[in-house]
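A short write-up of the structure that comes next.
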Amino acid sequence: MSAVSDRLPTFPWDKLEPYKKTATAHPGGIVDLSVGTPVDPVPDLIQKALIDAADSPGYPTVWGTPALRDALTGWVERRLGARDVTHRHVLPIVGSKELVAWLPTQLGLGPGDRVAYPRLAYPTYEVGARLARADYEVYDDPRDLDPAGLKLLWLNSPSNPTGKVLSKQELTETVAWAREHGVLIFSDECYLELGWEADPVSVLHPDVNGGSYDGIVAVHSLSKRSNLAGYRAAFLAGDPAVLAPLLEIRKHGGMMTSAPTQAAVVAALSDDTHVQEQRDRYKARRTLLREALTGHGFRIEHSEASLYLWATRDESCWDTVAHLAGLGILVAPGDFYGEAGANFVRVALTATDERVRAAVNRLS
């Protein structure tokens, strides 16, 4: 066991504990803007679907019910503009983080194989490579990478942590480059429904992939768009030649979404109203926090989409974390996401309206 755990970096969030204690001690209580975990209620229609499926004594299937697969294919075509999507093109997963962490292992990668991800990125991309004993590296433009031995290329648009959105042209050129060199693309699109100053595009769109899903898979989650982080509900869509062996591996590993959760996902993907209502909540919080931060001397970069503001005062991120903790506001230091974030902090929009107002008042 120690041999496996020794491959992993120090869990970054442990470093934030002293600052959390400082923020918690504020007379008005902590405003926790550090973690992007939903705080608003699960929509009623989703809760009802979960409850109605509560009497599920048998094992669920890894591939999901036909109704779930219909919901996934229908949503991918309706929302992402994908075409000719069949059940073979989709695969439910138990939340997106487990997929990111275990994908290199499930793909059979190991020493000598390379995994690449953005210079500023979700730390679990690196963790996945480490677990598989694969090599890993960061990029600014993936087309500048040496394709020799590059087996997995992670894209992330909208970005966590920066909120940067890749243009349709950038995605198109990257897909073409990866296909030319035989590099598999997994595109993390979990924040795609949260575009503010840009309209994020999926790699599944025919304008990007030329009508072919060869060598590309998109990762989607219901955690943010439907407040379902507690349900662990996500899915893959893309190349059947990639998804079919993953399905077999996951069958053997028992990596199955619970039957009630599958029913809840069907309900969630059939309704767009609750998604717009949640977007409106985040939009209002984003406006308030952005104005308060810039008024307090921060500069916001990128942040045209997703659930975060990427903010800097041109100082060490830990100095900024300490300053805001003194105001009872907890944020995530940018170096959690790579060395390039050393002077930034990530400010989440996932706090109640009351807590956001408290933060705004403290920053005023």
Side-chain angles (χ1 to χ4, degrees), residues 1-2 4-40 95-98 100-101 117 119-131 138 159-163 190-191 221 223-224 227 229-230 232 285 289 292-293 296-298 300 303 306-352 354-363:
M1 285 299 297
S2 62
V4 176
S5 62
D6 286 348
R7 298 178 209 160
L8 303 178
T10 302
F11 189 63
W13 294 96
D14 293 343
K15 302 177 186 177
L16 206 54
E17 279 302 314
Y19 302 92
K20 186 174 184 178
K21 289 180 181 178
T22 298
T24 302
H26 190 277
I30 187 173
V31 179
D32 193 343
L33 305 178
S34 64
V35 183
T37 185
V39 297
D40 299 301
S96 58
K97 184 169 185 175
E98 63 90 352
V100 174
Y117 48 86
R119 186 170 301 280
L120 283 166
Y122 186 44
T124 313
Y125 302 136
E126 177 186 333
V127 167
R130 284 175 176 254
L131 286 170
V138 299
S159 163
N160 174 17
T162 69
C190 290
Y191 294 92
S221 168
S223 293
K224 311 301 196 270
N227 298 336
R232 309 315 301 133
R285 293 166 186 165
L289 285 170
L293 287 166
H296 197 73
F298 282 88
I300 309 296
S303 305
S306 86
L307 277 181
Y308 312 104
L309 293 170
W310 189 239
T312 182
R313 299 202 308 172
D314 295 310
E315 64 183 6
S316 163
C317 60
W318 289 100
D319 289 343
T320 305
V321 168
H323 168 73
L324 291 175
L327 299 176
I329 302 169
L330 189 68
V331 297
D335 65 4
F336 278 9
Y337 309 95
E339 294 179 2
N343 291 336
F344 286 80
V345 293
R346 193 194 73 170
V347 184
L349 309 180
T350 49
T352 64
E354 183 274 330
R355 288 289 83 189
V356 167
R357 286 192 295 269
V360 169
N361 290 335
R362 296 173 194 181
L363 291 166

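Residues take their numbers from the sequence shown, with the count starting at 1. Side chains are part of it too, since the values below use all heavy atoms of this structure and drop only hydrogens, waters and symmetry mates.
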With a cut-off of 6.0 Å (strictly less than), are more than 12 heavy atoms of other residues, nucleotides or ligands near CD of Glu339? no
Any chance you could measure [X], atom [atom1], to [Y], atom [atom2], to the nearest 0.5 Å?
| X | Y | atom1 | atom2 | answer |
| --- | --- | --- | --- | --- |
| Ser303 | Leu293 | OG | CG | 9.5 Å |
| Asn227 | Asp40 | CG | CG | 5.5 Å |
| Thr124 | Glu126 | OG1 | CD | 9.5 Å |
| Ser306 | Lys224 | OG | NZ | 10.0 Å |

In the structure I gave you, are the side-chain heavy atoms of [X] and [Y] within less than 4.5 Å of one another anywhere?
| X | Y | result |
| --- | --- | --- |
| Asn160 | Tyr337 | yes |
| Tyr122 | Tyr117 | no |
| Phe344 | Leu309 | no |
| Leu131 | Leu8 | yes |
| Thr350 | Val35 | no |

Restricting to non-hydrogen atoms, name the atom on [X] and the atom on [Y] that form the minimum distance, rounded to 0.1 Å.
| X | Y | result |
| --- | --- | --- |
| Asp32 | Lys20 | OD2-CE, 4.4 Å |
| Ala23 | Ile329 | CB-N, 4.1 Å |
| Ala359 | Leu33 | CB-CD1, 4.5 Å |
| Glu315 | Thr320 | OE2-OG1, 2.8 Å |
| Ala358 | Val31 | CB-CG2, 4.0 Å |
| Trp310 | Gly334 | CH2-CA, 3.6 Å |

Trace of the side chain to side chain contact (heavy atoms under 4.5 Å, CB included) decision for Glu98 with Arg232: CA-CA 10 Å; Glu98 63 90 352; Arg232 309 315 301 133; over 6 Å; no
Taking the ring centre of each residue, are Tyr308 and Tyr191 less than 6.0 Å apart? yes
When you check the gap from the basic side-chain N to the acidic O, do Lys15 and Asp335 get nearer than 4.0 Å? no
Side-chain donor or acceptor of Arg346 paired with backbone N/O of Ser34 under 3.5 Å: yes
Any sub-3.5 Å donor-acceptor pair from Arg362's side-chain atoms to Gly28's backbone N or O? yes
Taking only residues two or more places apart in sequence, or in another chain, which ones meet Asp314 in a side chain to side chain donor-acceptor pair (under 3.5 Å)? Arg299
His296 vs Phe298 aromatic rings, parallel, tilted or perpendicular, using cut-offs 30° and 60°? parallel
Please determine whether side chain to side chain contact (heavy atoms under 4.5 Å, CB included) holds for the pair Leu363 and Leu324, giving the CA-CA distance in whole Å, both sets of side-chain angles, and the decisive distance to 0.1 Å. CA-CA 9 Å; Leu363 291 166; Leu324 291 175; 3.8 Å; yes
